[in-house]
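Note that the numbering runs from 1 along the sequence shown for the chain. Please read all numbers here as calculations on a predicted model, not as lab measurements.
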Amino acid sequence: MIISVANQKGGVGKTTTAINLSAALAHKGNKTLLVDMDPQANATISFLRPESGYRNIYEALVPHGCPIREIIQKTQTDNLHLAPASIALAKLEATLAGELEAHFCLKDTLSKVKKDFDYIVIDTPPTLGILTVNAMVASTHVLVPIQSSYFALEGTDDLVETIDKVKKRVNPNLQILGVLLTIYDGRTILSRDIHQQILQVFGAKLFKTIIHKNVRLEEAPAYKEDIFSFAPSSRGALEYYQLTEEVLSRV
C-alpha cells in the first residue's frame with residue numbers, strides 16, 4: 001500500500017501527518033518507508049541532520065540515476081526508513097522536460113523496493129506540479145489533510161480534479177483514502193463551523209479522528225523524533241495513533 005499525503009495548500013499539516021502516520025505504522029510492527037518528495041525537505045530534516053551528507057530521492061529519479069536502495073536511510077524509529085529529499089527536487093520538472101515517461105519516474109523507482117515494505121507514505125509539496133502527480137501515479141491511496149481555517153476548502157476542487165485525472169488516465173486504482181481535519185481548535189465557533197462544512201462536502205471520506213493544534217507536534221521534529229517517542233502521552237500522539245487505526249480499517 002502506497003499513500004500520498006497531498007494538498008496544494010501549504011501549512012495544512014502534510015509533513016506532520018506523513019511523519020507521524022509513517023511512525024505509527026512502524027510502531028505497530030510494519031516495515032515502513034517515508035518518501036520525501038518536497039524540495040523543502042522538512043520530513044527529511046525531521047530525522048536527519050543536513051550536514052550528514054546523505055544522498056536524496058532526486059538522484060534516484062533522474063534518467064540513469066542511482067538505485068533507490070542507495071539513498072534509503074534508517075531512522076531512529078524501529079521499522080521506519082526514509083528516502084530523503086533536497087532542494088534539488090525543485091529542478092526535477094526541468095530535468096524531465098521532454099521525457100515521455102516523466103510522470104512515472106517515482107512509480108518506476110519505487111517498484112524496485114515496494115516488496116521490501118508493508119507501507120510506503122509519500123510527503124508531497126504544496127503544489128499540483130510534476131512532483132505531486134508523480135506521487136499520485138505511484139500511489140494506491142491519497143490522504144488529504146485540511147486545516148481548520150477560513151480558507152479550508154479553497155483549492156480542494158483542483159486537488160480532487162487532479163486526483164480524478166490521474167485515476168482516469170494513468171492510475172485507475174487510485175483512491176481517496178480520506179480527508180483529515182488538522183490544526184483544529186475546538187474552542188472556536190469558526191473551527192466547529194468549518195468542521196461541519198468539510199463534513200457536508202466530503203461526507204464519509206472525512207476521518208472521525210481530528211488532529212488538534214498541539215505544541216508537542218511542533219516540537220518533535222526539532223529533536224529528530226516522531227511524536228510517539230518524543231511525547232507518547234500527548235494529545236498529538238493519541239490522535240495520530242487513532243488516525244492510523246482508521247487508516248488500517250479503510251484498506
Run the numbers on D36 and I57 for side-chain contact (heavy atoms from CB on, under 4.5 Å), then give the verdict. CA-CA 8 Å; D36 191 352; I57 190 70; 5.9 Å; no
Using the side-chain contact (heavy atoms from CB on, under 4.5 Å) rule, take N173 and T140 through it: C-alpha gap first, then chi angles, then the decisive distance, then the call. CA-CA 6 Å; N173 297 318; T140 56; 6.0 Å; no
Worked check of side-chain contact (heavy atoms from CB on, under 4.5 Å) between E245 and K28: CA-CA 10 Å; E245 291 292 321; K28 291 175 72 66; 2.6 Å; yes
After noting the C-alpha distance and the side-chain angles of T32 and T77, does the key distance pass the side-chain contact (heavy atoms from CB on, under 4.5 Å) rule? CA-CA 10 Å; T32 305; T77 301; over 6 Å; no
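In this structure, V166 and V133 have side chains that are in contact, with non-hydrogen atoms separated by less than 4.5 Å. At a threshold of 4.5 Å between non-hydrogen side-chain atoms, the residues T156 and V201 do not count as touching. Taking the side chain as every heavy atom from C-beta outward, E59 and S86 never approach each other to under 4.5 Å. A 4.5 Å side-chain heavy-atom check between Y58 and I87 finds every atom pair outside the cut-off. At least one side-chain heavy atom of M136 sits less than 4.5 Å from a side-chain heavy atom of T132. Looking at I227 and R216, their side chains come closer than 4.5 Å, going by heavy atoms from C-beta outward. Looking only at side-chain heavy atoms (C-beta outward), K107 and N171 stay at 4.5 Å or farther from each other.
Using modelled atom types, no side-chain atom of E239 and backbone atom of G236 make a donor-acceptor pair closer than 3.5 Å. Although no hydrogens or angles enter the test, the distance criterion places no donor-acceptor pair under 3.5 Å between the side chain of Q73 and the main chain of P84. A donor-acceptor pair under 3.5 Å is formed between the side chain of D226 and the backbone N or O of S229.
Counted by atom type alone, T209 and Y240 present zero donor-acceptor pairs between their side chains at under 3.5 Å. No side-chain donor-acceptor contact under 3.5 Å links T124 and S4.
The shortest heavy-atom contact between R250 and L206 is NH2-O, 3.4 Å. Minimum interatomic distance between R55 and I71 (heavy atoms only, all atoms of both residues): CB-CG2, 3.6 Å. The nearest pair of heavy atoms linking L159 to A6 is CD2-O, 3.8 Å. When all heavy atoms are compared, the tightest approach of H195 to I210 is CE1-CD1, 3.5 Å. Summarising the geometry of N79 relative to A26, their closest heavy-atom pair is ND2-O, 3.2 Å, with the distance given to 0.1 Å. Shown here for Y54 and I45, the closest heavy-atom pair between the two residues is OH-CG2, 4.3 Å.
For K213, the NZ atom sits in a loose shell: 12 or fewer heavy atoms of surrounding residues, nucleotides or ligands are nearer than 6.0 Å. The local environment of OH in Y241 is sparse, with at most 12 non-hydrogen atoms from other residues, nucleotides or ligands closer than 6.0 Å.
The aromatic rings of F230 and Y223 lie parallel to each other, with less than 30° between the two planes, well short of the 60° mark.
With H81 as the partner, the ring pair (Phe, Tyr, Trp, His ring centres under 6.0 Å) test is satisfied by one option alone out of Y119, F47, F117: F117. L25 pairs in a side-chain contact (heavy atoms from CB on, under 4.5 Å) with only one of the listed residues (L34, L248, D118, L80), which is L248.
Between R69 and D116 there is a salt bridge, since a side-chain N of the basic residue sits under 4.0 Å from a carboxylate O of the acidic one.
I2 and V5 fall into different hydrophobic clusters, where Ile, Leu, Val, Met, Phe, Trp and Tyr side chains are chained together by heavy-atom contacts under 4.5 Å.
Once rounded to the nearest 0.5 Å, the distance linking CG of L21 with CG of L143 reads 6.5 Å. Rounding to the nearest 0.5 Å places NE2 of H212 at 6.0 Å from OH of Y184.
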